Protein chains: 2
Amino acid sequence: MLTERQLLILRLIVDNYVLSAEPVGSRTVSKQADLGLSAATIRNEMADLEEMGYLEQPHASAGRIPSQLGYRFYVDHLLLQGADLSVQEIDRVKSLFTERIGEMERVAQQTASFLSNLTQYTAVVLGPQVYDTTLKSLQLVPLNDRTAVVLVVTSTGQVHNRTVAVPEGLAIKDFERMFKVLDKKLSGIPVYRMRSRALEEITLELARHMNDFEEAMRVLDQALSWMGEDSEGKLYVGGTTNMLLQPEFQNVQKAKTVLAWLEHHQDVMDVLREDSSGARLQVRIGGENDVLTLRDCSLVTATYHVGGKPIGVVGILGPTRMDYARVIPLLDRISLGMTELFTKFYTN
Amino acid sequence: MLTERQLLILRLIVDNYVLSAEPVGSRTVSKQADLGLSAATIRNEMADLEEMGYLEQPHASAGRIPSQLGYRFYVDHLLLQGADLSVQEIDRVKSLFTERIGEMERVAQQTASFLSNLTQYTAVVLGPQVYDTTLKSLQLVPLNDRTAVVLVVTSTGQVHNRTVAVPEGLAIKDFERMFKVLDKKLSGIPVYRMRSRALEEITLELARHMNDFEEAMRVLDQALSWMGEDSEGKLYVGGTTNMLLQPEFQNVQKAKTVLAWLEHHQDVMDVLREDSSGARLQVRIGGENDVLTLRDCSLVTATYHVGGKPIGVVGILGPTRMDYARVIPLLDRISLGMTELFTKFYTN
DNA sequence: GTTAGCACTCATGACTTTGGAGTGCTAACA
DNA sequence: TGTTAGCACTCCAAAGTCATGAGTGCTAAC
């Protein structure tokens, strides 16, 4: 168990190191601590804290830096009391969500930009992914004799579209009729069942009315093939290059690893969806990340919800030496704002 | 005027430097040149080439590297003869475009990825932007009592959507009716006139039939406010981090400048649209770029067309020491492929 | 329990040395 | 007149040396 004094010292060291990125020496702590203690005393305490695993030394004659365990302790026990944003920041967060609703895409992208600007870290937003989505509208809009756009609108307002070429020898009129029928028949069914149901319906209803039935099936199938692709949600990244601001990423090789990882959206989304604890807010520090690439990073994420179900994630990626005291309450508020916005939006 | 021998030497130096990123010495050239010349002779020629401005020396006792003028000469005069891709590469390019057409978005994104993979540089694709686009379909799909999706389909198959909240005290049914009327009235008009025409029509036709007319106008205007935004085309970037592979960007500060620039899509698009020469293929070497950020970069771009009009740009961004001999024919073929694809697509 | 004092450690930056790659010039050669 | 061998010279880069200072751990005194 740590004494009150040790808690204070640990907190000071983390705070200082987060700010300066330089190992913190006993003198520095001694000067800042309110309790009038000499550097020597602090040194003793620091040695103890190191022994307990909360601190480490880059080399023998340097100051101390927080270990992974140290950050963990800081986040779990030293942050609770009264960490929150400034009034000004709270206002900015609020104004982010009071603007008119546009495309959902835009909200996610704007949030990512906002977060990265405010924090100087990299922000990731996993776009809203709604499971019990149903079909609102399925249409074919012909462009000319050979091509047409297939439109799918879901109950959550997401729009998917795909351009298809109508095969030779198949009248686009027939095709259009087919979609009209499908639209009526399928309206209201869950999106994930759409593809199979569509094929069923066609087989039942339309087979005899159309020649070139096989071809039509193929095109329809292709038009709906996006299902399960980005219906899983999309990723929005903001401030990628902020990573390069951090002194720990001044080494190009190191920076490249992380930046390249961020380019692989699928991998990033997988990580964001990982949910070890089930908590709304998650902090993954350094090696706590499963992905090797993130060994030197910390990832703070918060889920946002609709009707109690998590539908997306918003997160901040930065060096292990991250300003948790700012990032955590920020993400907390942002995710609440997103929850509010999307709830207003998706539920009637 | 350059002698045959000088041409050969210049070419060799560029080729070598492009490959190795190290200043090329006289010995290296002497060994590679077919003409059995000693290093001393080469040295004389190199001194002449330097005097003429085609080469420069990083410092007194180093080899030579091509100057900006040197690259320019190389691109303009030494590249013409028979530079082309390998059969294998040509096949890969072809297969890129023979796949089924999906969303246009996907084509652009895939092309960017493909190019960056193949070249190890950064690829940019300015998505198809069609000027004489007309309106195919304008619809309102209600999601519930308060929200709805506005859908716009253009003659080129682009789909724009925007979710709007229907203001209190306004029946969504009325709104729906309004869009039905608009769809009929506006179908076929150029997209850029849509917004104003829509407002006109409403004023004429619907004003008396609806209460809360003002409110409806406001929402409609907001729903169509994307016009002129991404109707200008979108930017797709591939292989951003490839920039970090280049030895000239091992300095994080330098790398950050370029990477951050790439994050500002609007700026990038502006540069891509700049068209000094009017040629289909453009090579901008180092300082030839107007943007200061690109002082140490070269940008090779090619436009793709539909019906003779340029509708988009595909480009490669890399260090000045770029493998022009590969990049130029590659972009040439790619842009032809895009032209073909989109022509097949947009014209009947 | 706290602190002053001191010897010790080690990264960092300035300076020097050394090796080697590459040049320019000169003189000899075809 | 063009080409080449030879040589002195330049200058970067890597390795080595050294002084500095920040910070520590330990001990002994308060």
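For clarity, every value in this text was computed on a predicted model and none was experimentally measured. All values below were derived from every heavy atom in this structure, side-chain atoms included, with hydrogens, water molecules and symmetry-related copies excluded.
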Between B/Thr240 and A/Glu263, is any side-chain donor less than 3.5 angstrom from a side-chain acceptor? yes
Would you mind listing every ring pair (Phe, Tyr, Trp, His ring centres under 6.0 Å) that reaches into residues 2-53 of chain B, with sequence neighbours excluded? none
For residues 23-31 of chain B, tabulate all N or O donor-acceptor pairs below 3.5 Å that involve a side-chain atom, not counting sequence neighbours.
residue: B/Ser26; atom: OG; partner: B/Arg43; partner atom: NH1; Å: 3.3
residue: B/Ser30; atom: OG; partner: B/Leu37; partner atom: O; Å: 3.0

Not counting sequence neighbours, list each pair that qualifies as a ring pair (Phe, Tyr, Trp, His ring centres under 6.0 Å) and has a residue in residues 256-299 of chain A. none
For A/Arg295, all residues meeting salt bridge (Lys or Arg N to Asp or Glu O under 4.0 Å), sequence neighbours excluded: none
Within this structure, what is the CD1-to-P distance between A/Ile9 and C/dT2, rounded to whole angstrom? 10 Å
Among residues at least two apart in sequence or on other chains, which ones pass salt bridge (Lys or Arg N to Asp or Glu O under 4.0 Å) with A/Asp15? none
Residue pairs passing the side-chain hydrogen bond (donor to acceptor under 3.5 Å, both in side chains) test where at least one lies in residues 53-63 of chain A, sequence neighbours excluded: none
Could you run down nucleotides 13-30 of chain D 5' to 3' and tag each one B, S or - for protein heavy-atom contact under 4.0 Å? ---------BSBB-----
What stems, by residue range, does DNA chain D take part in, given at least 3 consecutive Watson-Crick or G-U pairs under 3.5 Å? C:1-30 with D:1-30
My understanding is that only residues two or more places apart in sequence, or in another chain, count here; which of them pass ring-ring contact (aromatic ring centres under 6.0 Å, His included) with B/Tyr71? B/Tyr324
Does D/dT4 have its OP1 or OP2 closer than 4.0 Å to a side-chain nitrogen or oxygen of B/Thr41? yes
B/Leu37 has an atom CG; how far is it from atom C1' of D/dT4, in whole Å? 10 Å
